[in-house]
Amino acid sequence: EEHNTREWWQANRARYEVVVKGPMAALGDALADGFGTPKLFRPYRDVRFSPDKSPYKAHQGVVVATASHVGYYVQVSADGLMVAAGWWHGEGSAVASYRRAVDAASGTELVRHVRRAERAGLTLDADRMATRPRGVAADHPRLDLMRCRTLIFVAHDAPPAHLDDPGYADVVRARWRACRPAVEWLTSALQ
């Protein structure tokens with residue numbers, strides 16, 4: 001964050017490879033058996049349309065996708081370890097599919113899945129409309145979920161002393177398992 005320049009990056013790239021990239025790739029590989037193929041994000045930012053022209057990310061993330069914009073995520077930064085799962089980047093047709101599924105009888109399953117993830121210590125972080133969606137009754141039993149345009153479960157932990165500590169794979173695995181029913185529901189609803 002302090003030295004987000006090309007010169008600093010070139011001088012410290014080998015350190016990044018050993019201290020950050022390697023352990024994060026290993027963490028993704030350790031989680032692959034239970035969740036799927038991990039994808040390690042690049043360290044470079046897309047600055048084309050951003051007012052912030054910092055060329056490098058100040059975090060490193062791994063995603064395991066189960067469908068378009070649905071899956072599991074883990075990220076490490078100076079702020080700590082962030083574990084997440086769910087559906088992000090909701091767009092028109094995906095939002096419509098999601099709302100149909102929430103409105104159907106299967107929507108009650110999602111309510112149970114949300115509660116399970118929250119009991120496991122994850123927080124629901126959703127992009128919600130300020131008002132109810134057009135055509136949805138004001139007394140709809142799942143109105144709060146109908147207002148969502150994304151549905152992400154998030155947990156934050158202290159920064160790891162060493163990323164290659166096997167305990168971090170256990171933490172991530174437990175949090176992802178708590179979200180698995182919701183992720184499977186979202187994967188089915190949004191395909």
Run the numbers on K57 and Y44 for side-chain contact (heavy atoms from CB on, under 4.5 Å), then give the verdict. CA-CA 6 Å; K57 296 175 184 174; Y44 313 104; over 6 Å; no
If the condition is side-chain contact (heavy atoms from CB on, under 4.5 Å), which residues does V171 pass it with, not counting sequence neighbours? D157, R175
Are E109 and R112 packed together at the side-chain level, in the sense that at least one heavy-atom pair is separated by less than 4.5 angstrom? yes
Closest approach of V183 and G71, non-hydrogen atoms and distance? CG2-O, 4.1 Å
R15: side-chain hydrogen bond (donor to acceptor under 3.5 Å, both in side chains) partners, not counting sequence neighbours: N12
Is the shortest side-chain heavy-atom distance between N4 and P55 below 4.5 Å? yes
Applying side-chain contact (heavy atoms from CB on, under 4.5 Å) to V95 and not counting sequence neighbours gives W87, R99, R149
Pairwise distance SG(C148) to CZ(R142) - rounded to 0.5 angstrom: 12.5 Å
For a quick test of your reading: what N or O donor-acceptor pairs under 3.5 Å do the side chains of residues 75-86 make, sequence neighbours left out?
residue: Q75; atom: OE1; partner: Y73; partner atom: OH; Å: 2.7
residue: S77; atom: OG; partner: D79; partner atom: N; Å: 3.1

Can you confirm whether R115 sits close enough to R119 that some side-chain heavy atom of one is under 4.5 Å from a side-chain heavy atom of the other? yes
Evaluate the salt bridge (charged side-chain N to carboxylate O under 4.0 Å, His left out) criterion for residues R100 and D103: first the C-alpha distance (whole Å), next the side-chain angles of each, then the deciding distance (0.1 Å), finally the verdict. CA-CA 5 Å; R100 279 191 300 276; D103 191 36; over 6 Å; no
Residues which pass side-chain contact (heavy atoms from CB on, under 4.5 Å) with D52, listed by chain and number, not counting sequence neighbours: R45, S50, S54
So do the side chains of E118 and T123 get within less than 4.5 Å of each other, counting heavy atoms only? no
List the residues meeting side-chain contact (heavy atoms from CB on, under 4.5 Å) with S188, not counting sequence neighbours, and say none if there are none. none
So do L145 and Y98 actually touch side chain to side chain, heavy atoms under 4.5 Å? yes
Would you say the side chain of V74 lies within less than 4.5 Å of the side chain of W176, judging by non-hydrogen atoms? yes
Count the heavy atoms of every other residue, nucleotide or ligand shown that sit under 6.0 Å from CZ of R128, and state whether that count exceeds 12. yes
